[in-house]
Protein chains: 2
Amino acid sequence: MPNVTRATKPAPGLPPCLPPFLPFTDRPERGGAAIPGRPSRHLRGSEIYAEGSAIRQLYRVVSGAVRVCRMLPDGRRFIAQFALPGEVFGLDGVEEHRFSAEAVTEAVLIAFARRDLEACLDREPLAAQSWQAYTLEKLAAAQDRFILLGCRSATERVAHFLLDLAARARPGREGLALPMSRYDMADYLGLTAETVSRTLTLLRKAGMIAIEDNHRLHLLDTGRLMQAAEPGRAAA
Amino acid sequence: MPNVTRATKPAPGLPPCLPPFLPFTDRPERGGAAIPGRPSRHLRGSEIYAEGSAIRQLYRVVSGAVRVCRMLPDGRRFIAQFALPGEVFGLDGVEEHRFSAEAVTEAVLIAFARRDLEACLDREPLAAQSWQAYTLEKLAAAQDRFILLGCRSATERVAHFLLDLAARARPGREGLALPMSRYDMADYLGLTAETVSRTLTLLRKAGMIAIEDNHRLHLLDTGRLMQAAEPGRAAA
DNA sequence: CGTGCCTTTGAAGCAAGTCAAACAAAGTGG
DNA sequence: CCACTTTGTTTGACTTGCTTCAAAGGCACG
């Protein structure tokens with residue numbers, strides 16, 4: 001918890017990306033209804049919380065990226081979620097974290113006490129409704145991901161992932177940032193790093209994407225990419 | 001909605017399996033706080049609601065089994081959930097159903113109006129808290145299923161499925177009921193019916209299960225089955 | 001008592017995994 | 001600042017577990 005005041009408002013007017021109406025704030029002076037947040041900075045690869053620890057806070061990503069993951073008994077790793085700037089993570093269980101969270105890149109977060117959130121939900125019917133919709137949306141998204149993991153080919157998974165990242169990306173530098181490694185992508189998509197790499201090469205050779213470097217690429221043909229992501233669905 | 005009064009309390013004292021504290025009731029006279037339910041009966045294979053329709057009610061299964069599923073553009077089907085007696089389904093989206101629901105066997109359900117639930121949550125802080133915990137639990141369960149679908153072998157999936165069914169089954173007749181077909185199981189586990197059949201044969205030859213008939217089997221060695229479900233985890 | 005669906009089993013094909021090696025990038029220490 | 005190490009990426013060759021295709025048997029339902 002070093003001084004990161006500079007980082008507490010790097011994006012002027014933090015869009016309340018998710019959840020939409022929840023009065024999270026990093027400026028405690030804004031009013032009694034707001035949930036006060038505490039900024040923190042995490043080095044690349046460092047653990048933010050451990051699997052099995054009590055859930056005491058939620059986090060909103062200010063900058064960088066976070067992976068929410070679990071090590072399986074056989075040594076494999078599974079990534080449940082990537083949290084990008086503006087997004088919230090940390091509620092991966094009821095009482096205890098069922099996953100751990102790690103910084104994919106150096107990351108600046110704002111932490112909100114869980115009890116503050118719960119108090120707010122009890123106090124503010126509108127916030128409660130918004131939270132309700134948020135969790136419902138997350139559940140619906142989870143079911144879509146079941147389909148992705150359950151019966152999609154490698155190409156479909158990777159294409160879907162790229163489009164999802166693009167949809168979630170903040171308007172910023174030209175091109176699509178891939179903060180995570182091929183291994184991270186693989187563990188998120190239920191593939192291997194080799195397959196992810198091969199698939200990206202395939203999409204590149206097919207002219208759908210251009211790879212600037214290992215952590216940045218460009219979507220050249222979103223229509224065909226969408227076709228690759230969901231065969232049978234019409235291109236945009 | 002034929003007369004099914006006989007079916008409205010077939011299990012004396014419907015265990016409030018899920019969600020635990022929600023005041024669902026099929027006896028409207030019990031008090032103002034309760035959410036009144038309306039019974040209905042559905043023939044094997046019939047549609048309970050369609051994908052894309054508005055979410056107006058939730059359902060609790062009284063008897064039978066229900067599958068919540070979606071047809072994919074390429075003709076494949078994916079099953080997101082099986083609802084067994086005592087369990088609740090129908091909230092697979094925010095405003096519209098993102099899946100359809102069909103009776104796996106002849107099924108008796110109780111339908112609860114969504115607005116009644118929401119009114120209850122607004123009115124009763126305890127119910128709201130309980131609902132909150134329920135959705136959180138569902139979300140956590142979803143993440144476990146990601147792992148199953150993302151990086152588990154056919155044997156692990158089937159073993160896990162059988163143990164899950166056994167844990168959810170009502171105490172009743174000896175043995176484990178499998179109301180669904182091999183195709184249903186396959187579409188739930190992200191496999192093919194052939195692979196499910198082969199895997200069951202494998203488990204049977206390994207002495208872990210005994211197959212009474214196509215819709216009923218017995219778990220002979222839960223310990224080894226758990227090992228088969230999660231390699232690296234200790235047997236019970 | 002047929003007819004159609006479900007289940008089981010076999011054989012062959014294939015997509016993704018595994019193993020391996022070369023290369024590139026990022027981080028470390030002199 | 002550069003050499004060195006480590007980590008990540010790409011590509012190739014091979015293996016494998018699941019799917020696909022096919023066919024026979026069984027059960028359930030009209």
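Predicted model only: the values in this text are computed from it and were never measured.
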Distance (rounded to the nearest 0.5 Å) between Ser197(A) OG and Tyr183(A) OH
9.5 Å

Can you sort out the partners of [X] under side chain to side chain contact (heavy atoms under 4.5 Å, CB included), two or more places apart, ordered by chain and number?
X         : value
Ala210(B) : His218(B), Leu220(B)
Ala169(B) : Leu176(B)
Gln81(B)  : Val68(B), Ala83(B), Phe89(B), Lys138(B)

Centroid separation under 6.0 Å, is that true for the rings of Phe146(A) and Phe146(B)?
yes

So for the helix from dC1(C)-dG30(D) to dG30(C)-dC1(D), with five pairs setting each end axis, what is the inter-axis angle to 10°?
50°

Selection residues 97-106 of chain A - residue pairs positive for side-chain hydrogen bond (donor to acceptor under 3.5 Å, both in side chains), sequence neighbours left out:
Arg41(A)-Glu106(A), Arg67(A)-Glu102(A), Asp92(A)-His97(A), Arg98(A)-Asp144(B)

Which pairs, with at least one residue in residues 172-182 of chain A and sequence neighbours excluded, count as a salt bridge (charged side-chain N to carboxylate O under 4.0 Å, His left out)?
Arg173(A)-Glu212(A)

Quick test of your reading: applying salt bridge (charged side-chain N to carboxylate O under 4.0 Å, His left out), list the pairs with at least one residue in residues 193-206 of chain B, sequence neighbours left out, ordered by first then second residue.
none

Contact interval (first through last nucleotide) of DNA chain C with protein chain A, 4.0 Å heavy-atom
dA16(C) to dG27(C)

On DNA chain D, reading 5' to 3', which nucleotide is the first and which the last to sit with an atom under 4.0 Å from a heavy atom of chain B, could you check?
dC18(D) to dC21(D)

Distance-only donor-acceptor hits, side chain of residues 155-164 of chain B, under 3.5 Å, sequence neighbours excluded:
residue, atom, partner, partner atom, Å
Glu156(B), OE1, Ser153(B), N, 2.7
Glu156(B), OE1, Ser153(B), OG, 2.9
Arg157(B), NE, Arg152(B), O, 2.9
Arg157(B), NH1, Leu189(B), O, 2.8
Arg157(B), NH2, Leu149(B), O, 3.3
Arg157(B), NH2, Arg152(B), O, 3.0
Asp164(B), OD2, Arg168(B), NH1, 2.9

Please list residues of residues 175-201 of chain B whose heavy atoms come under 4.0 Å from any atom in DNA chain C, ordered by number; otherwise none.
Ser181(B), Arg182(B), Tyr183(B), Glu194(B), Ser197(B), Arg198(B), Thr201(B)

With sequence neighbours excluded, residues passing salt bridge (Lys or Arg N to Asp or Glu O under 4.0 Å) with Arg77(B)
Asp184(B), Asp187(B)

Applying side chain to side chain contact (heavy atoms under 4.5 Å, CB included) to Tyr59(A) and Val66(A), what does each step give before you reach the verdict?
CA-CA 10 Å; Tyr59(A) 305 84; Val66(A) 169; over 6 Å; no

Is the cationic atom of Arg56(B) (NZ for Lys, CZ for Arg) positioned less than 6.0 Å from the six-membered ring centroid of Tyr49(B) and within 45 degrees of its normal?
no

